[in-house]
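Positions are given from 1 along the sequence.
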Amino acid sequence: MNLGTGRQSPAVRWLPAEPFAHLDDIHHRTSRGLHHLTAAPSTGGEPAPPVDVEETAGEFVIELDLPGAATHQVTVQCNGQQLVVHAQIPTRVHAGTLRQCGRRTGPVHYAINLPGPVRGDKITATLTDGVLTIHARKPRPCPTVYIVDADTTDGYLP
């Protein structure tokens, strides 16, 4: 090797036996990254189950997909404005060879931050056809308080 000439060795280009192998590697790394982005933080890295949160005048209605879960395998906890759902989706027994598996099994832990306060003692939940429906009632607004004034003719100040 001659350091004084300023000449560099020609670059060696490596061509794999499979010309698109690098694309498969990029696809797998991107898929892993997207999996972590779509996972709910409270599920331990698992993708979040589909959920709808609807707000009406008096309550929040939350619908959460839990296919295969039984009612005794689901609990709902209220922590202020946060609802936490714990469930267990049982593993299915397959008679044949499983060629593709995309349905979720195992534990589910999902936290829902509601946009307003709820009454913890007025939460109801039902599980029908694999959909958990939670009704979380909002607290009633305080009525307007009028101050009694003996000097006015009607007795109340607006």
Side-chain angles (χ1 to χ4, degrees), residues 18 20-158:
E18 176 63 40
F20 298 108
H22 66 286
L23 293 178
D24 286 337
D25 180 50
I26 291 170
H27 171 73
H28 290 299
R29 286 190 284 156
T30 304
S31 295
R32 279 195 311 249
L34 290 176
H35 173 76
H36 291 296
L37 286 176
T38 59
S42 62
T43 61
E46 289 296 319
V51 63
D52 292 334
V53 179
E54 177 184 355
E55 182 177 3
T56 65
E59 69 180 355
F60 295 102
V61 180
I62 299 97
E63 293 180 337
L64 184 78
D65 287 354
L66 297 174
T71 55
H72 68 277
Q73 298 171 320
V74 179
T75 60
V76 178
Q77 297 174 329
C78 178
N79 300 324
Q81 286 184 213
Q82 184 181 56
L83 295 179
V84 181
V85 176
H86 301 281
Q88 179 69 29
I89 298 176
T91 304
R92 295 160 204 65
V93 178
H94 302 280
T97 303
L98 188 62
R99 299 289 184 190
Q100 184 175 352
C101 183
R103 296 171 64 193
R104 182 182 186 151
T105 60
V108 176
H109 305 286
Y110 188 73
I112 303 162
N113 292 316
L114 298 174
V118 295
R119 293 186 58 188
D121 60 337
K122 297 293 182 181
I123 295 175
T124 60
T126 57
L127 183 65
T128 306
D129 295 330
V131 177
L132 177 67
T133 304
I134 304 168
H135 293 270
R137 196 182 289 173
K138 295 178 182 179
R140 285 188 281 179
C142 293
T144 304
V145 177
Y146 293 102
I147 302 169
V148 177
D149 186 4
D151 295 337
T152 61
T153 57
D154 61 358
Y156 295 99
L157 292 174

Problem set entry | Flag, side chain of Gln73 to backbone of Ala87, donor-acceptor distance under 3.5 Å | no
For this session: Please name the pair of heavy atoms, one in Pro117 and one in Phe60, separated by the smallest distance, quoted to 0.1 Å.
Result: O-CE1, 4.0 Å
Problem set entry | side chain to side chain donor-acceptor pair (under 3.5 Å) involving Asp65 - partner list, sequence neighbours excluded | none
Exercise. According to the salt bridge (Lys or Arg N to Asp or Glu O under 4.0 Å) rule, which pairs have a member within residues 117-133, sequence neighbours left out?
Worked result: Arg119-Asp121
Problem set entry | Residues that Glu59 engages under side chain to side chain donor-acceptor pair (under 3.5 Å), provided they are two or more places apart | His135
Exercise. How about Thr128 and Thr133: do any of their side-chain heavy atoms sit closer than 4.5 Å?
Worked result: no
Exercise. Looking only at heavy atoms, what is the nearest atom pair of Ala69 and Leu127, with distance?
Worked result: O-CD2, 3.2 Å
Exercise. What is the minimum heavy-atom distance between Pro67 and Ile89, and which atoms define it?
Worked result: O-CG2, 3.3 Å
Problem set entry | Residues Val85, Val108; criterion side-chain contact (heavy atoms from CB on, under 4.5 Å); working and verdict | CA-CA 8 Å; Val85 176; Val108 176; 5.7 Å; no
Exercise. At their closest point, which heavy atom of Pro90 faces which heavy atom of Thr105, and how far apart are they?
Worked result: O-CG2, 3.6 Å
Problem set entry | Closest non-hydrogen atom pair between Arg104 and Pro49, with its separation | NH1-CD, 3.9 Å
Seminar exercise, completed: Taking every heavy atom of Val118 against every heavy atom of Gly80, the minimum-distance pair comes out as CG2-O, 3.7 Å
Exercise. Do Asn79 and Val84 have side chains that get closer than 4.5 Å, going by heavy atoms?
Worked result: yes
For this session: Begin from the C-alpha positions of Lys138 and Glu55 and carry the test side-chain contact (heavy atoms from CB on, under 4.5 Å) through to its verdict.
Result: CA-CA 10 Å; Lys138 295 178 182 179; Glu55 182 177 3; 2.6 Å; yes
